[in-house]
Amino acid sequence: MPELPEVETTGRGIAAKLLNLRITKLEQHRRDLRFALPKNLASKLEGRKLVAVERRAKYLLLRLDDGYSLLLHLGMSGRMVIADADDGTRGKHDHVVFVFENGAVMRFNDARRFGMLDLVKTGEEHKHKLLAHIGPEPLDKAFTAKVLQERLAGRKTAIKLALLDQTVVAGIGNIYACEALYDAGINPNKEAGKVSADKLALLVPAIKKVLKAALKDGGSSLRDYVQTSGELGYFQTRFAVYDREGQPCPKCRAAKITCTGVLRFTQGGRSTFWCAAQQF
DNA sequence: CGGCGGTCCTGTCAGC
DNA sequence: TGCTGACAGGACCGCC
């Protein structure tokens with residue numbers, strides 16, 4: 001589920017509901033997710049107030065009032081489910097449950113357990129092993145075609161795989177890598193270091209565009225999800241190529257071009273969707 | 001350092 | 001209906 005827009009939306013949902021509230025109780029139902037959870041987590045979190053929520057790449061930082069921050073990653077299947085009142089519902093994969101002073105409950109649910117959770121000293125999170133080598137935020141003004149060109153220089157790997165590399169640029173996952181490359185008209189298999197400056201000048205705005213569009217959509221669909229565990233509006237989102245193998249792509253359809261439709265192949269063990277008539 | 005493949009896990013869905 | 005295999009929005013680690 002979570003790429004940058006979903007993580008950002010989750011963070012906003014947490015802030016909207018739980019900011020400035022104290023954690024009164026922490027339930028920990030596993031000792032580990034992807035990694036071992038911090039020792040004595042409950043005693044470190046109970047009594048603490050949530051004072052801010054920030055995002056870096058696909059990580060969320062929940063700022064606490066004691067100078068520490070909860071660093072968490074949702075992995076592939078992680079989600080935060082918030083309920084205004086605790087009716088006692090606990091799902092099979094609710095690994096960590098936060099109960100707040102007003103009775104609200106936040107459940108960290110992660111079936112595949114690729115997610116993680118750690119405590120870091122606020123202000124020192126950039127030194128954390130997992131954050132130390134993360135690339136620029138794609139929605140920052142400072143993320144320009146020139147910056148991307150520098151970061152891709154000499155890279156022999158495919159451009160699609162380079163976009164998934166969080167040290168090149170932060171927060172992009174499989175869906176938005178496919179969508180951005182389609183939007184920019186770039187063959188996902190093109191050697192990263194050899195993508196022309198002209199193409200990169202299209203790619204950077206394309207990345208920002210698809211992420212912002214998803215953020216806008218996720219903002220309206222995922223907010224409900226975060227609060228209530230209802231159906232995901234997210235899946236109603238219309239992707240141009242992602243998960244649309246065999247279907248005509250929007251550009252070919254608009255131009256009335258008869259093509260093979262959206263193609264799919266595997267890169268780095270993951271599916272890439274693209275249109276050969278539009279990306280080269 | 002770059003690139004690649006293996007690996008961690010459960011759930012779901014298509015096909016037989 | 002089972003059963004099986006493929007695949008899923010991520011990213012670390014070890015090896016070359």
In whole angstroms, the gap separating C1' of C/dG10 from OH of A/Tyr176 amounts to 15 Å

When you measure from the side-chain N and O atoms of A/Ser271 to the phosphate of C/dA8, is any distance below 4.0 Å, counting only OP1 and OP2? yes

A/Arg155 atom CZ is separated from B/dC1 atom C1', nearest whole Å, by 9 Å

**Request:** Before accepting this row, confirm whether a basic side-chain N of the pair A/Glu3/A/Lys58 lies closer than 4.0 Å to the acidic partner's carboxylate O.
**Result:** no

Review point. Which part of the nucleic acid, if any, lies within reach of A/Leu161 when heavy atoms closer than 4.0 Å are counted: base, sugar-phosphate only, or nothing?
Key: nothing

A/Phe239 atom CZ is separated from C/dA8 atom P, nearest whole Å, by 13 Å

For B/dC9, the nucleotide meeting Watson-Crick or G-U wobble distances (both under 3.5 Å) is none

From CG of A/Asp165 across to C1' of C/dG10 the rounded distance in Å is 12 Å

A/Arg264 atom CZ is separated from C/dA6 atom P, nearest whole Å, by 12 Å

### Side-chain ion pair, A/Arg79 and A/Asp110, N-O less than 4.0 Å
no

A/Asn187 and A/Lys160: side chain donor to acceptor below 3.5 Å:
no

Exercise for review: Taking only Lys NZ, Arg NE, NH1 and NH2, and the carboxylate oxygens of Asp or Glu, determine whether A/Glu27 and A/Lys25 approach each other closer than 4.0 Å.
Suggested key: yes

With a cut-off of less than 4.0 Å, is there a side-chain N or O of A/Thr157 near OP1 or OP2 of B/dC4?
yes

Does A/Glu137 pair with A/Arg55 as a salt bridge, N-O distance under 4.0 Å? yes

Worksheet item: Do NZ/NE/NH1/NH2 and the carboxylate oxygens of A/Lys44 and A/Asp66 come within less than 4.0 Å?
Response: no

Residue pair A/Gly269/A/Tyr59 against DNA chain C: nearer the 5' end by closest nucleotide is A/Gly269

Grab the N/O contacts between the protein and nucleotides 13-15 of chain C below 3.5 Å, and write none if there aren't any.
from	atom 1	to	atom 2	distance (Å)
C/dC13	OP1	A/Lys129	NZ	2.8

Protein-proximity profile, nucleotides 5-11 of chain B, B/S/- by nucleotide at the 4.0 Å heavy-atom cutoff, equals ---BBBS

Worksheet item: Regarding A/Asp198 and A/Ser196, is there a side-chain donor-to-acceptor distance under 3.5 Å anywhere?
Response: no

Less than 4.0 angstrom from a charged side-chain N to a carboxylate O is my criterion; do A/Lys212 and A/Glu8 meet it? no

With the threshold set at 4.0 Å, does a side-chain nitrogen-carboxylate oxygen contact exist between A/Arg22 and A/Glu46? no

For this session: Give one of base, sugar-phosphate or nothing for A/Arg30, where a contact means two heavy atoms less than 4.0 Å apart.
Result: nothing

To the nearest angstrom, the CD1-C1' distance between A/Ile134 and C/dC12 comes to 11 Å

ask   = On a whole-Å scale, what distance lies between the P atoms belonging to C/dC3 and B/dC9?
value = 24 Å

- Query: Are A/Asp94 and A/Arg107 within salt-bridge range, i.e. N to O under 4.0 Å?
  - Reply: yes

In whole angstroms, the gap separating P of C/dG10 from CG of A/Leu60 amounts to 15 Å

From CZ of A/Arg151 across to P of B/dC1 the rounded distance in Å is 14 Å

